[in-house]
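The block underneath contains the structure these notes are about, expressed in structure tokens.
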Number of protein chains: 2
Amino acid sequence: MQKGNAAYIKTVNKRLILQCVIEEDAVTRAAIAKKLSLSKPTVSALVSDLIRDKWLVETGSMAASKEGGRKPMSLTFNAERSYIVGIDIGGTNVVLGITDLNGNVCAHREFPTQQHLDFNLLEEIKRNVESMKDQLRIKHSDILGIGTGIPGVTNIDKGVVIEAPALRWNNYPIRERLTEIFHLPVFVDNDVNNNVLGEHWKGAGKEKDNIVYIAIGTGIGSGLMINGHLYRGSNYGAGEIGYLVTDKNVAQKYHPVHRGYGFLESVAGGSAISMQLSERLQDNITSKEAFALYADGNKDAIEIVDEALENLAIGITNYVSLFDPELVILGGGVSGSFSIIHKKVMDVMKRYAPQQCEVVRSSFGEEAGIIGGAALFFNEYEDLFN
Amino acid sequence: MQKGNAAYIKTVNKRLILQCVIEEDAVTRAAIAKKLSLSKPTVSALVSDLIRDKWLVETGSMAASKEGGRKPMSLTFNAERSYIVGIDIGGTNVVLGITDLNGNVCAHREFPTQQHLDFNLLEEIKRNVESMKDQLRIKHSDILGIGTGIPGVTNIDKGVVIEAPALRWNNYPIRERLTEIFHLPVFVDNDVNNNVLGEHWKGAGKEKDNIVYIAIGTGIGSGLMINGHLYRGSNYGAGEIGYLVTDKNVAQKYHPVHRGYGFLESVAGGSAISMQLSERLQDNITSKEAFALYADGNKDAIEIVDEALENLAIGITNYVSLFDPELVILGGGVSGSFSIIHKKVMDVMKRYAPQQCEVVRSSFGEEAGIIGGAALFFNEYEDLFN
DNA sequence: TATTAGGTTAGTTAAGTTTACTTACTAATT
DNA sequence: AATTAGTAAGTAAACTTAACTAACCTAATA
């Protein structure tokens with residue numbers, strides 16, 4: 001717990017004022033004072049500090065109220081004061097971009113991961129960031145810091161990637177490496193966690209404080225926000241929905257669990273679907289193709305995909321039973337098959353869960369990782385606004 | 001977010017000092033100043049306030065350090081300054097008691113619920129509290145308030161029991177009723193939630209901030225603490241482990257979910273075990289007797305109990321996979337069968353979960369509800385120490 | 001129609017309050 | 001003499017209150 005002193009209360013009140021302005025877009029000093037029950041002089045003094053430090057700008061006087069009175073001066077958050085670099089290092093591609101303080105992606109880049117992975121990955125990132133800086137005509141000092149997402153388990157406090165099979169990283173101190181290169185504050189977390197933060201900041205989870213984000217792809221992962229805070233678990237291991245057991249008997253037969261791969265993934269993950277259908281049809285079928293065949297009415301595809309989806313839906317339903325979220329967001333490679341999955345989940349949830357819960361698709365496409373990275377930075381950087 | 005002002009920082013610092021004293025039992029002003037990085041005069045002033053208000057007492061001077069110097073004066077938390085009433089209104093019995101501020105149960109009472117339920121339940125509670133007050137020779141003003149546990153879904157903000165089948169209560173405004181009778185601040189929550197708070201305060205969960213408490217009885221329920229805060233869910237519905245689906249095929253056949261009763265309960269709850277074995281043996285077998293027969297090697301008992309425990313263990317394992325807690329506490333009517341359940345859970349967790357987690361039995365017996373109620377009060381009462 | 005008095009809202013200035021901190025002290029001990 | 005515990009007096013930083021100026025509206029009035 002933070003000890004109380006004069007500086008602390010000033011920081012707290014400044015934060016509150018900024019929050020106020022960000023939420024309501026254009027507000028006046030008087031409105032802030034009323035809303036926060038702070039005195040007018042206090043608000044004026046703090047706002048003057050915030051204007052001096054470029055966090056706020058006066059955007060002209062507004063119309064006076066009908067009962068008369070001096071025209072109020074509107075205040076606006078200066079989202080272009082600084083910028084944040086958001087990076088998503090995926091197994092296939094590295095997606096990175098620069099956002100303003102409102103989370104608008106001002107520039108973005110993308111390059112394939114594997115051909116740089118063991119060679120010059122960080123240099124390639126640096127090169128792309130420099131290129132974006134040139135494009136936006138911003139200086140190094142305009143960038144507050146960097147948020148990065150990784151497909152794996154990450155110790156966010158130390159900035160070390162504990163394990164990321166897709167990148168073949170084990171105990172890789174990525175924060176240290178990136179800091180050496182950029183000389184900026186860097187944060188790193190699991191990509192799904194970043195997605196939750198991004199959805200909470202700018203996406204479907206705005207205004208909601210209890211959110212589950214489920215990423216369905218090759219494997220199945222999830223991130224969860226509780227009481228407005230990302231919950232990472234005691235060992236950075238929360239949200240391992242891929243390990244849920246939804247079918248006792250099948251689980252007993254398969255004994256599927258080995259390091260990095262759980263039961264639900266083994267029956268409902270993209271590669272599981274692809275593998276099963278490939279075997280059945282004696283062909284090479286991707287999970288995307290499996291969903292296409294499913295839509296076409298292919299009997300084998302329907303059987304296999306239905307079985308997978310039933311397990312997935314039970315997993316999600318179990319999540320809802322335990323966690324009672326306000327919202328479930330489905331992300332990952334589900335864009336095409338969302339409506340199929342959504343229907344199944346709603347049916348199963350209705351059948352088995354004690355309460356129902358909205359289920360929506362993720363709000364962002366290609367930019368999810370960039371916004372997520374920036375959201376991570378926003379979430380973690382303590383000195384923001386100081 | 002709380003706005004900052006002078007009164008607020010004083011409250012914050014007083015809280016920190018009290019916390020310091022409670023944690024370390026006997027400390028000096030100098031030690032507090034060092035630990036909290038507050039100046040010595042500040043600590044002295046706040047301590048003097050706290051002594052005036054009877055929260056702290058000076059308990060005599062301690063030995064000086066070996067390097068010389070004035071003898072320090074030790075400060076101790078005055079746990080007998082005030083008392084809290086803890087009540088657990090169970091389906092069978094009402095258990096209630098008075099605790100001091102350290103959570104020691106100073107007096108307790110118990111009476112059967114049903115014969116007073118529709119008649120004079122609250123009067124009976126009042127009578128017992130008065131009797132305890134006489135016994136302890138404390139005045140009404142010595143009692144800070146009341147914390148109550150209920151076997152059902154509770155809106156803690158309004159103090160209304162939404163649904164408690166065992167008490168036949170629906171939308172019952174119990175806080176209002178108890179306040180009318182006692183003229184004290186009252187808080188009400190689900191009994192399992194109170195158990196979590198109690199274990200965190202005084203039991204197995206001390207110093208741990210991510211805890212799952214699973215109550216196994218007629219039904220199966222759970223409460224969870226995340227980042228040191230009880231998590232109740234978006235609709236007061238978090239922790240419904242009784243609704244988990246652990247066996248897709250059996251679930252499809254049974255279609256077990258109706259209001260207030262979930263799949264896992266229907267296959268692994270006490271009444272489920274009792275019912276199944278009773279049918280098999282054409283006799284009236286309680287779940288307790290079922291576990292006794294299990295221990296005796298009865299083949300039918302083993303078959304049924306094993307099946308139930310396997311499902312229960314998968315449910316708990318799923319919980320661990322999703323929440324990555326520091327600790328799982330098993331409570332409810334498991335005292336006799338704990339070691340059997342524990343073994344099963346550890347085996348299944350090892351097999352299916354991505355990480356392991358300690359599993360222990362609950363720390364309290366009869367007093368769980370009393371300590372839980374007091375813990376709820378402690379947790380919710382904002383004006384504490386003001 | 002133009003003017004003006006009275007009322008209202010926005011924001012500032014000045015004085016006062018509360019709190020913590022700093023510096024310098026006394027107290028008590030090895 | 002050195003060291004540690006705790007106190008006293010004065011200072012600094014943040015807030016609040018009260019009174020003020022600035023700017024505007026309404027409506028009565030000339």
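Chain A is the first sequence line, chain B the second, and so forth, proteins listed ahead of strands; every chain is numbered from 1. These numbers were taken from a predicted model, which means no experiment stands behind them.
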What integer distance in Å separates [X]:[atom1] from [N]:[atom2]?
X: A:I32; N: C:dT9; atom1: CD1; atom2: P; answer: 18 Å
X: B:I17; N: C:dT19; atom1: CD1; atom2: P; answer: 13 Å
X: B:Y8; N: C:dT17; atom1: OH; atom2: P; answer: 25 Å
X: A:L75; N: C:dG11; atom1: CG; atom2: C1'; answer: 11 Å
X: A:M73; N: C:dT9; atom1: CE; atom2: C1'; answer: 14 Å
X: B:K14; N: C:dT19; atom1: NZ; atom2: C1'; answer: 12 Å

Donor-acceptor pair, distance only, cut-off 3.5 Å: does the side chain of A:D189 make one with the backbone of A:I156? no
Scan residues 41-53 of chain A against DNA chain D and write down, sorted by residue number, each residue with any heavy atom closer than 4.0 Å; if none is found, say none. A:P41, A:T42, A:L46
Nucleotide range of DNA chain D lying under 4.0 Å from chain A heavy atoms: D:dA13 to D:dT26
Using a 4.0 Å heavy-atom cut-off, does A:K34 contact any base of the nucleic acid, only the sugar-phosphate backbone, or nothing at all? nothing
Mind checking A:K71 for me? I need base, sugar-phosphate or nothing, with any heavy atom below 4.0 Å counting as a touch. sugar-phosphate
For A:R70 and B:T28, find the nucleotide of DNA chain D closest to each by heavy atoms; which residue's nucleotide sits nearer the 5' end? B:T28
What's the separation between atom CZ in B:F187 and atom OG1 in B:T148, rounded to the nearest 0.5 Å? 10.5 Å
OG/A:S44 to CG/A:L38 distance, rounded to the nearest 0.5 angstrom? 11.0 Å
Might you work through the salt bridge (charged side-chain N to carboxylate O under 4.0 Å, His left out) test for A:R175 and A:E380, ending with a clear yes or no? CA-CA 13 Å; A:R175 176 157 78 191; A:E380 298 297 322; over 6 Å; no
Given the rule in the side-chain contact (heavy atoms from CB on, under 4.5 Å) test, do B:N13 and A:K3 qualify, once you have shown the distances and angles that lead to the verdict? CA-CA 6 Å; B:N13 287 334; A:K3 90 177 183 190; 3.9 Å; yes
Only one of B:I138, B:L144, B:I143 forms a side-chain contact (heavy atoms from CB on, under 4.5 Å) with B:S82, so which one is it? B:L144
Not counting sequence neighbours, list each pair that qualifies as a side chain to side chain donor-acceptor pair (under 3.5 Å) and has a residue in residues 22-38 of chain A. A:E24-A:K35, A:R29-A:E58
Think A:K10 has a side-chain N or O under 4.0 angstrom from the OP1 or OP2 of C:dA20? no
Using 30° and 60° as the class boundaries, would you call the ring planes of B:F323 and A:Y231 parallel, tilted or perpendicular? tilted
Distance-minimising heavy-atom pair for A:L197 and A:L376: CD1-CA, 3.7 Å
